[in-house]
Amino acid sequence: MTDLTTLETELSARIAAAPDGAALEAVRVEALGKSGAISALLKSLGGMSPDERREQGPRINGLRDRIAAALAERKAALDAAELDARLKAERVDLTLPPPPRRKGAVHPTMQVMDEMVAIFADLGFGVAEGPDIEDDFHNFTALNFPPKHPAREMHDTFFFKPGPDGDRKLLRTHTSPVQVRTMQKTNTPPPAPWIAAGQDPPIRIVVPGRTYRCDSDQTHTPMFHQMEGLVIDRGIHMGHLKWTLQTFISRFFEGEVGARFRPHHFPFTEPSAEMDIQCDRSGGEIKVGQGSDWLEVVGCGMVHPHVLRNCGLDPEVWQGFAFGFGVDRLGMLKYGMPDLRDMFASDTRWLAHYGFSPFVAPNPASGLS
Ligand code: PHE
């Protein structure tokens, strides 16, 4: 049949000449699409007599196979040519300046800890650290929490499963266990080089670190930061404690800030108090030194004689005071962050906004500069 040969010649020529993928696709639709020429021929087989079909079937099917193969071959050639052209055209220009890179920032909590340590260093305090995973003795017993006493529950402690010896480790609920580690002179060296070793009084330390309690709202997160302070010497009294905290607060906030001491209870101090700082939370932002709201920032008191005795010190000779700051809360107050939970949500937009440059000169008010 001459028209099959003509059709094949014509289609082959158009396939070979198709300049791009779109033109090739147009030829494919015309030939093999639903109402394409070859599709029509295939359909016509149904209306033929068996003899005719026997003769025309292989010819039409052969034509369809050859055209499909030619289409696939041309498509591969066009794709390869297109890739070649792109590789030639698209080039990396190494002389262009690099895209700007986001600089890292110091997390406000770390910034606040550095500021606090600088001020306390100026007041003659050293820094001690302890482990986040503590045992019951250091976190509770040595600090005068009676066994099975509900005060232990007051801290909403995260406990680990008990070990084979029945000992239940826990995530420390406060930095106070480092008081014990510092006062206690033991024969066993500390478990890591950065963990406080026992020292003889006089002692003046601050203890920055992470603490954990099962709690979450606008001013509580399950992990937060405290800075403990401990002073042990002869003749230490509440006046030293109040002066130290008030001096610290006015240096930290770089001005006068209203503060109030409220009587409180901690098993490890007697008497005990909490200090609140005056602030205003009405506008969605916190402003220190204004308004009529108070935010508790530090628990404190005179070290309980039981604690001194538990750590091997004679309360007739040595007295001391201790305090524990909520570091994140101080940061919220100083830098106007309304929700504590944002501080640990790892949102890079928040960090870019509230973070600090690592390259600032040290605070000239501090003795470390
Ligand atoms: N450890 C107490 C707390 O986490 C704070 C504190 C420290 C109180 C030292 C008194 C003395 O709440």
Side-chain angles (χ1 to χ4, degrees), residues 109 113 116 120 125 127-132 134 136-146 149-158 170-184 196 203-215 219-233 236-238 240-246 248-249 259-277 295-308 310-311 313 315 318-330 340:
T109 296
M113 276 193 176
M116 293 175 77
F120 281 114
F125 286 72
V127 173
E129 283 184 283
D132 288 15
E134 265 298 4
D136 188 86
F137 175 77
H138 289 93
N139 199 82
F140 290 127
T141 306
L143 290 164
N144 198 34
F145 286 81
H149 192 274
R152 289 170 192 245
E153 306 312 317
M154 163 178 121
H155 278 195
D156 296 318
T157 314
F158 289 111
L170 49 92
L171 288 175
R172 66 177 178 190
T173 57
H174 50 179
T175 41
S176 301
V178 188
Q179 288 186 32
V180 179
R181 292 183 177 276
T182 307
M183 285 188 275
Q184 234 187 1
I203 295 170
R204 259 187 258 169
I205 51 151
V206 284
V207 182
R210 290 191 197 95
T211 46
Y212 307 84
R213 288 181 206 176
C214 189
D215 210 351
T219 52
H220 295 87
T221 49
M223 189 281 302
F224 58 107
H225 297 80
Q226 284 192 342
M227 190 172 296
E228 192 82 6
L230 175 69
V231 170
I232 302 285
D233 208 335
I236 297 289
H237 54 74
M238 268 310 255
H240 296 125
L241 165 60
K242 282 186 85 175
W243 181 87
T244 305
L245 292 183
Q246 267 164 351
F248 167 78
I249 282 297
R260 67 177 185 190
F261 284 84
R262 274 181 293 105
H264 198 71
H265 169 75
F266 297 106
F268 36 94
T269 45
E270 183 57 39
S272 305
E274 276 187 332
M275 189 175 87
D276 301 335
I277 295 190
L295 192 67
E296 173 233 318
V297 290
V298 57
C300 57
M302 301 304 295
V303 180
H304 198 293
H306 288 177
V307 176
L308 292 170
N310 289 342
C311 298
L313 296 178
W318 303 108
Q319 297 79 44
F321 65 81
F323 54 84
F325 274 102
V327 174
D328 316 293
R329 287 181 178 191
L330 276 187
L340 184 64

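Indexing begins at 1, ligand by ligand and atom by atom, following the structure's order.
Taking all heavy atoms of His264, His265, Arg213, Glu296 into account, the minimum distance to atom 12 (O) of ligand 1 is reached by Arg213.
Listed by number with element, the atoms of ligand 1 under 4.0 angstrom from any heavy atom of Ala322 are 9 (C), 11 (C). Within ligand 1, counting atoms from 1 as listed, the ones closer than 4.0 Å to a heavy atom of Gly324 are 6 (C), 7 (C), 9 (C). Annotation for ligand 1: atoms under 4.0 Å from non-hydrogen atoms of Phe323 are 7 (C), 9 (C), 11 (C).
Checking only distances, His174 does come within under 3.5 Å of ligand 1, N or O to N or O. Checked by distance only, ligand 1 and Ser176 come closer than 3.5 Å through their nitrogen or oxygen atoms. Taking distance alone, with nitrogen or oxygen atoms compared against 3.5 Å, Gln226 approaches ligand 1 more closely than that limit.
Classified by interplanar angle (parallel below 30°, tilted 30° to 60°, perpendicular above 60°), the ring pair Phe248/Phe325 is tilted.
Of the residues Leu245, Val297, Thr269, the one that meets the side chain to side chain contact (heavy atoms under 4.5 Å, CB included) test with Phe323 is Leu245.
Here the closest heavy-atom approach between residue Ala128 and residue Thr182 is recorded as CB-OG1, 4.3 Å.
Summarising the local packing, CZ of Arg210 is surrounded by 12 or fewer heavy atoms from other residues, nucleotides or ligands at distances under 6.0 Å.
A donor-acceptor contact closer than 3.5 angstrom links the side chains of Ser176 and Glu228.
The closest approach between a heavy atom of Phe268 and any atom of ligand 1 is below 4.0 Å.
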His174/Phe266 under ring-ring contact (aromatic ring centres under 6.0 Å, His included): CA gap, chis, key distance, verdict: CA-CA 12 Å; His174 50 179; Phe266 297 106; 8.8 Å; no

